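Beneath this line is the structure, given in structure tokens, with notes to follow.
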Amino acid sequence: MVDEAGLARRLWIKFKDDSVFALYTPFFVGLASATLDSQTFLRFVSQDLHFLRAFVVAYEMAEDCADDDDDKSAIRDLRKRVVKRLQMHDALIQEWGFELQNGDISDDATTKYTDFLLATASGKVEGGRVPGKIATPFEKTKLAAYTLAAVTPLMRLFAYISTEIQGILDPDDNSHLYKKWIDSISSQVFEATALQNEDLLDKLSVSLTGEELDILEKLYHQAMKLEVHFISNSGLPIPQKDVIPLSRVHDFTDCHLTILCDFDLACTAFDSSAILAEIAIRTVPKAEFNGSETQLVRTSSADLRNTWHVLSTQYTEEFEECVETIVTSEKVEGFHYEGLCSALEQLAEFEREANERVVQSGVLKGLNLEDIKRAGQGLILQDGCKSFFQKIVKNENLKTDVHVLSYCWCSDLIISAFSSGDLNVLNVHSNELAYEDSVTTGEIIKKLESPLEKLQAFTGILKGPCRGREDKHKNLTVYIGGSVGDFLCLLQADIGIVIGSSSCLRRLGDHFGVSFVPLFSGLVKRQSQLSADEEGSSQWKPLSGTLYTVSCWAEIQAFILGT
């Protein structure tokens, strides 16, 4: 399948996680909740002057380098738009109801970006040739493309952030202190400018070589990182009443941060049961003596694949039937935890029977431990998952426990999946395969087979670090998962984060009054409540009936650790 997206779009998608770290900052959470200190906002907006002036100069230099008349005209139009906004800057500030003070002082983070942009426009590009008087038109066009690569991500970044914020604001609420400014970067004009930059970048980069495209990509990413750095520092120092990042607004001197996480499809891109089945299928034919020393029984890979297909199909169909039986009962009013627990007891017996069918089928018999470990080491994890845990365990300012709770049949597979990232400190709680001489017998040592057993493991983990501690020194617990098996743990944690949730999880949640709230909008609401609370309490509470949803691990990292 041919990727028809242009270069600018592909680069935005590739580095979009960086934009998440800009959105999840005290600055934008405060801005969206209208609790941002006005002086912090004015300092941020005052730096816009320096950005705009740098854009004007960069566009002028890019226009001189462009060889095509249409390209020159397009760049000239972009420059005129910036000049117009620059001329209207003070008037816009006054229209928004603020009085801008001296805007001639450039912050260090601003200077880093503007110096980078102007150096790029001047041809001072690492790995790139500096055009001189004898530069060919092609070389000059290449420099124009590099310059657009250093501008374009900023335009798209602010268009993205404004769209995210607009999505959670009441369009009819005109009392929001920063609504006019948010509207200004959410307008069709701003979006058109962002698109025009991207279209021009696509056109200017068509004739670049692979090496030159690599340089352009690095420039794009560097521009994005410099802008995120600027935004991240716009709200510093963090006021006492901010809600993020979690690791900085909570005092973990005498308190553990306990992070618990599911494995399959929360950490992984594929279900581990299918991976174990594939190992079994690929390592056939299997041979064993069937009750006598002369009769040899062989299982073909085709037979194993067919057996696994039957087992997985039956599991999926019966699981969905079980959920359907639950949600067709009378819907409860409000959040009803006890009713959910009772309903999940029905799933416990189902899971036990399904695992027993796997054991009886023999599909997990004859797997070599080394094959399992190699498969684990090569397992594809979700983008950002491993790096998040690496940063957590290496953070010396946090007293952190990290636990993986999984229905996975094989703890060795999980341990191997994280071993390549120096994450042997992760505590793994799952089922295990039985071995004889490093070869599986087909039996499963069953430890976690149901949501209730996961909750028992969860409760046992929390008793450890908390034993002997006073209530004020209790754990702050974060549970990350997305399957029905995680439901009770998600709700019992102080903060339950749903990633890659299944439709069954949503249906059960809706039936028992569980609220699924996008994490960013939840933080904005919490920021508003926290600022209105005279005591400034930022305590998270279990069994609130609210779970927070994310689309990627970058959101989790930005929320807990920040940039």
Side-chain angles (χ1 to χ4, degrees), residues 17-18 20-30 37 40 108-109 225 228-261 267 381 384-404 418 421-428 458 461-480 493-497 499 519-520 522-523 526-527 530 535-542 548 550 552-563:
D17 280 0
D18 292 86
V20 171
F21 288 99
L23 180 66
Y24 278 78
T25 53
F27 180 84
F28 277 118
V29 171
D37 176 78
T40 301
D108 179 62
K225 290 191 291 186
V228 172
H229 175 69
F230 165 70
I231 294 169
S232 299
N233 286 275
S234 295
L236 298 178
I238 296 178
Q240 197 68 33
K241 283 192 174 185
D242 274 338
V243 297
I244 60 168
L246 199 65
S247 61
R248 292 171 62 184
V249 298
H250 279 267
D251 182 9
F252 289 103
T253 305
D254 295 305
C255 172
H256 271 78
L257 171 63
T258 300
I259 296 178
L260 308 102
C261 183
C267 292
L381 299 183
C385 172
K386 188 176 290 187
S387 63
F388 166 72
F389 285 119
Q390 287 172 332
K391 287 180 172 63
I392 281 288
V393 299
K394 292 178 181 178
N395 191 318
E396 297 179 354
N397 297 320
L398 291 177
K399 292 184 177 181
T400 312
D401 299 313
V402 181
H403 299 262
V404 177
F418 287 108
D422 298 323
L423 289 170
N424 296 319
V425 294
L426 267 64
N427 302 284
V428 175
F458 173 91
I461 289 165
L462 295 190
K463 285 181 179 178
C466 289
R467 192 174 293 120
R469 291 177 175 270
E470 299 177 7
D471 287 344
K472 66 179 181 179
H473 291 157
K474 76 177 188 69
N475 272 7
L476 180 68
T477 58
V478 179
Y479 191 96
I480 305 161
D494 295 309
I495 306 170
I497 299 178
I499 183 169
L519 179 58
F520 179 71
L523 291 172
R526 189 173 180 82
Q527 183 70 66
L530 187 60
E535 296 181 0
S537 173
S538 58
Q539 185 178 1
W540 297 82
K541 298 178 180 179
Y548 299 95
V550 297
C552 62
W553 278 89
E555 289 187 72
I556 299 172
Q557 181 175 325
F559 165 50
I560 296 176
L561 295 175
T563 54

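This one's a predicted model, so the numbers in the text were calculated from it and none came from an experiment.
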Identify the heavy atoms of G522 and Y548 that sit nearest to each other, and give their distance. CA-CE2, 4.0 Å
Any idea which heavy atoms bring V249 and I244 closest together, and the distance? CG1-O, 3.8 Å
Interatomic distance, I560 atom CD1 to L398 atom CG [nearest 0.5 angstrom]: 9.5 Å
If you measure from CG on L476 to CD1 on I495, what distance do you get to the nearest 0.5 Å? 5.0 Å
Value for CG (L426) from NE2 (H403), rounded to nearest 0.5 Å, stands at 9.0 Å
So does H229 get a backbone contact from the side chain of N233, meaning a donor-acceptor N/O pair under 3.5 Å? yes
With rounding to the nearest 0.5 Å, note down the distance linking CZ in F418 to CZ in F389. 5.5 Å
Taking side chain as C-beta onward, heavy atoms only, is I461 less than 4.5 Å from N427? no
Looking at T477 and L462, what are the two nearest heavy atoms and their distance? CG2-CD2, 3.3 Å
With a 4.5 Å limit on heavy-atom distance, are the side chains of V550 and F559 in contact? no
According to the interplanar angle, ranging from 0 to 90°, do the rings of F388 and W553 count as parallel (below 30°), tilted (30 to 60°) or perpendicular (above 60°)? tilted
Begin with the C-alpha distance, continue with both residues' side-chain angles, and end with the deciding distance and a verdict on side-chain contact (heavy atoms from CB on, under 4.5 Å) for V402 and I392. CA-CA 9 Å; V402 181; I392 281 288; 3.8 Å; yes
Roughly how far apart are L523 CG and L530 CG, rounded to 0.5 Å? 11.0 Å
Which residues pass the side-chain contact (heavy atoms from CB on, under 4.5 Å) test with A558, sequence neighbours left out? V20, F21, Y24
Spacing of N395 atom CG and Q390 atom CD [to the nearest 0.5 Å]: 13.5 Å
Can you see which heavy atom on L561 is nearest to which on P245, and at what distance? C-CB, 3.7 Å
Locate the shortest heavy-atom distance separating I499 from C552; write the atom from each residue and the value. CD1-C, 4.0 Å
Evaluation steps, side-chain contact (heavy atoms from CB on, under 4.5 Å), between V243 and V29: CA-CA 9 Å; V243 297; V29 171; 4.3 Å; yes
In D494, T258, L257, L260, the residue satisfying side chain to side chain contact (heavy atoms under 4.5 Å, CB included) with V478 is L257
Give the C-alpha distance, both sets of side-chain angles, the deciding distance and a yes or no for side-chain contact (heavy atoms from CB on, under 4.5 Å) between I259 and I480. CA-CA 8 Å; I259 296 178; I480 305 161; 4.0 Å; yes
Decide side-chain contact (heavy atoms from CB on, under 4.5 Å) for W540 and H250; before the verdict, give the C-alpha distance in whole Å, the side-chain angles of both, and the deciding distance to 0.1 Å. CA-CA 11 Å; W540 297 82; H250 279 267; 3.7 Å; yes
